[in-house]
Amino acid sequence: MAVVRKSITFTEQQDAFVKSLIEQGFYTNDSEYIRDIIRKDQERRKRIVDLNDALIEGIESGPSDATIDSIWEEAINEYNAGK
């Protein structure tokens, strides 16, 4: 994978925070921390897109005859099957 070098600017407070995370052993350097933040943001945004797609699919599927109890039962069965 190609690597692109970037230059970013931190406030003194932000720099101290990142340095403290490195000193505590959470990250080995500033770049590792920034990459972790980007990965987490990408995952969060994907979950939002997936949720939005599911909501649209649900709205477009129209009304359901299912009851709350049957929906819960189906969800519990799916959960238990995934264990």
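Starting from 1, each residue takes its place in the sequence as its number. None of the values given here were measured: they were computed from a predicted structure.
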State yes or no: do Ile38 and Ile48 share one hydrophobic cluster built from I, L, V, M, F, W and Y residues joined by side-chain heavy-atom distances below 4.5 Å, directly or via other members? no
Nearest 0.5 Å, what's the CD1-CD1 distance between Ile8 and Ile34? 4.0 Å
Atom OH in Tyr33, atom CZ in Phe26: separation rounded to 0.5 Å? 11.0 Å
Is it the case that one hydrophobic cluster holds both Leu51 and Ile59, taking links as side-chain heavy atoms less than 4.5 Å apart, direct or via other members? no
Test item: Glu32 side-chain N/O and Thr28 main-chain N/O as donor-acceptor pair under 3.5 Å: yes
Within one Ile-Leu-Val-Met-Phe-Trp-Tyr cluster: Phe10 and Ile37, side-chain cutoff 4.5 Å: yes
CG-CZ distance between Asp30 and Arg35, expressed to the nearest 0.5 angstrom: 10.5 Å
Can you tell me if Asn77 uses its side chain to pair, donor with acceptor, with the backbone of Glu73 under 3.5 Å? yes
Between atom CG of Asp41 and atom CG of Asp36, what is the distance when rounded to the nearest 0.5 Å? 11.0 Å
As an exercise, state the distance from CG of Asp15 to OG1 of Thr9, rounded to the nearest 0.5 Å. 10.5 Å
For Gln24, is the CD atom crowded, meaning more than 12 foreign heavy atoms sit under 6.0 Å from it? yes
If you compare all heavy atoms of Ser64 against all heavy atoms of Ala66, which two are closest, and at what distance to 0.1 Å? OG-N, 2.9 Å
Quick one: NZ on Lys46 to CG on Asp53, what's the gap to the nearest 0.5 Å? 8.5 Å
Test your reading of the model: is there a side-chain donor-acceptor pair from Glu74 to the backbone of Ile71, 3.5 Å cut-off? no
